[in-house]
Amino acid sequence: MADKPKLLDRARDILRANYYSRRTEEVYLGWMRRFILFHGKRHPRDMGGVEVSAFLSDLTVRGDVSASTQNQAFSALLFLYAKVIGRPLTDLGPVERATRPKKVPVVLTRQEARALLGQLEGVEWIMASLLYGSGLRVLEMLRLRVKDLDFGYGQITIRDGKGGKDRVTMLPAGLVEALRRHLARRKLEFERDVQAGTASVFLPEALARKYPAAATSWIWQYVFAAAKLSRDPRSAALRRHHVDEVTVQRAVRGAALRAGIAKAVTPHVLRHSFATHLLESGSDIRTVQELLGHKDVATTMIYTHVLNKPGLSVRSPLD
């Protein structure tokens with residue numbers, strides 16, 4: 001009889017069976033491992049809510065983690081008990097919760113946004129322009145497939161965004177020609193990959209089973225593909241993945257430095273700027289909420305705190 005798989009191996013299999021992303025898989029397994037080590041390598045089936053509460057509280061008290069980090073650990077352990085152990089947590093004790101500080105997002109002025117983009121060129125310029133012009137998250141932009149760009153209607157469809165939701169946002173008219181030229185070059189690269197037998201792109205397992213030919217079709221290819229081929233860590237297939245997000249982070253930070261912008265600029269700041277500048281222009285907050293893919297309009301409301309004329313347009317006595 002085959003040996004029973006180890007706990008974390010089973011957890012990995014179940015995460016994949018439930019179509020969790022590779023990043024979530026790695027993060028969840030990391031928290032499960034830390035939980036087990038925290039309690040002296042005791043098996044989770046011999047523990048429960050009390051031990052989970054102690055671990056989460058220790059993250060806050062001694063680890064000084066943020067609220068989002070603690071919530072991430074909690075989600076991983078909820079999955080462990082509900083899906084792997086088969087015993088949902090019902091006996092949680094009091095947990096010392098990390099507080100989520102209210103932060104006003106960093107936002108560029110329109111002049112700063114133009115200056116930053118002016119320091120970029122080629123594919124890096126297109127990617128940064130999409131973050132600012134369409135309000136995309138970095139990974140949403142990097143995971144775009146050819147079929148997600150609709151030039152006729154001037155829109156972009158984001159598939160399986162944050163929270164597993166699809167949404168539609170604008171495709172800036174100023175990017176159309178640059179994107180068309182980029183896709184023409186990408187198609188030539190794709191055709192070379194077809195000849196070399198390396199044109200198969202990653203697809204979620206359910207799609208790969210339902211449409212086996214889709215992985216080698218043009219419309220499913222990544223818009224922003226990596227320069228080099230790489231091995232898929234799950235299937236070991238040699239294929240062309242999308243550009244690494246570190247590449248985008250370095251490009252945007254470098255452009256901000258060259259433009260002399262005295263702010264802590266990350267790619268996400270371009271998304272913040274997209275939302276703020278739309279609101280400044282008089283766009284309805286519900287429309288901006290839809291474009292950003294926020295579940296709650298309260299999340300979008302934070303951008304009203306950084307408008308040029310917040311609140312009731314109160315003027316400083318110095319002015």
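Just so it is clear, the structure is predicted and the values come from calculations on it, not from any experiment.
Using cut-offs of 30° and 60° for the angle between ring planes, the Tyr20 and Tyr28 rings count as tilted.
One distance of note links OG1 of Thr300 with NZ of Lys295; it measures 13.5 Å at 0.5 Å rounding.
Among residues at least two apart or in separate chains, ring pair (Phe, Tyr, Trp, His ring centres under 6.0 Å) pairs with a member in residues 104-145 are Tyr132-His277. Residue pairs satisfying the ring pair (Phe, Tyr, Trp, His ring centres under 6.0 Å) criterion with at least one member in residues 237-272, sequence neighbours excluded, are listed as follows: Tyr222-His241, Tyr222-His242, His268-His272, His272-Tyr303.
Residues Asp150 and Leu171 fail the side-chain proximity criterion, which asks for heavy atoms closer than 4.5 Å. For the pair Phe224/His182, a side-chain contact is recorded, criterion being any heavy-atom separation below 4.5 Å from C-beta on. The closest side-chain heavy-atom distance from Leu8 to Val84 is not below 4.5 Å.
Summarising the local packing, CZ of Arg250 is surrounded by 12 or fewer heavy atoms from other residues, nucleotides or ligands at distances under 6.0 Å. Surrounding NZ of Lys147 are more than 12 heavy atoms belonging to other residues, nucleotides or ligands, all under 6.0 Å away. Within a 6.0 Å radius of NZ in Lys187, other residues, nucleotides and ligands contribute 12 heavy atoms or fewer. For Gln111, the CD atom sits in a packed shell: over 12 heavy atoms of surrounding residues, nucleotides or ligands are nearer than 6.0 Å. Counting heavy-atom neighbours within 6.0 Å of Lys263 NZ, excluding the residue itself, gives a total above 12.
Here Leu229 is tied into one hydrophobic group with Leu238, each link being a pair of ILVMFWY side chains closer than 4.5 Å.
A side chain to side chain donor-acceptor pair (under 3.5 Å) with Arg239 holds for exactly one of Asp232, Thr216, Asp193; it is Asp232.
When the side chain to side chain contact (heavy atoms under 4.5 Å, CB included) test is applied to Glu177, the partners found at least two apart in sequence or on another chain are Arg180, Arg181. Legend: residues meeting side chain to side chain contact (heavy atoms under 4.5 Å, CB included) with Thr169, ordered by chain and number and at least two apart, are Ser134, Leu136, Ile156, Ile158, Phe274, Leu291. In this structure Asp166 satisfies the salt bridge (Lys or Arg N to Asp or Glu O under 4.0 Å) test together with Arg159, sequence neighbours excluded.
Both Val123 and Phe151 belong to a single network of hydrophobic side chains, linked directly or stepwise wherever heavy atoms of I, L, V, M, F, W or Y lie under 4.5 Å apart. Residues Val168 and Val146 do not share a hydrophobic cluster, defined by chaining ILVMFWY side chains whose heavy atoms lie under 4.5 Å apart. With hydrophobic clusters built from ILVMFWY side chains whose heavy atoms lie under 4.5 angstrom apart, Leu59 does not share a cluster with Val50. Both Phe38 and Met32 belong to a common hydrophobic cluster when Ile, Leu, Val, Met, Phe, Trp and Tyr are linked at side-chain heavy-atom distances under 4.5 angstrom. Cluster annotation: Leu257 is not connected to Val252 through the hydrophobic network of ILVMFWY side chains, with a link wherever side-chain heavy atoms come within less than 4.5 Å.
Contact check on Glu26 versus Arg22 returns a salt bridge, with a Lys/Arg side-chain nitrogen under 4.0 Å from an Asp/Glu carboxylate oxygen.
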Step by step, would you call Ser281 with Ser283 a side-chain hydrogen bond (donor to acceptor under 3.5 Å, both in side chains)? CA-CA 6 Å; Ser281 300; Ser283 297; 5.9 Å; no

Could you give me the CA-CA distance, side-chain angles and deciding distance for Ile219 and Arg145, then say whether side chain to side chain contact (heavy atoms under 4.5 Å, CB included) is met? CA-CA 7 Å; Ile219 64 169; Arg145 313 276 182 156; over 6 Å; no

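Residues Leu270 and Ala128 come closest through the heavy atom pair CD1-O, 3.7 Å.
With Glu189 contributing its side chain and Ala227 its backbone, the two residues share no donor-acceptor pair below 3.5 Å.
For Ser57 and Thr60, the side-chain atoms include no donor-acceptor pair closer than 3.5 Å.
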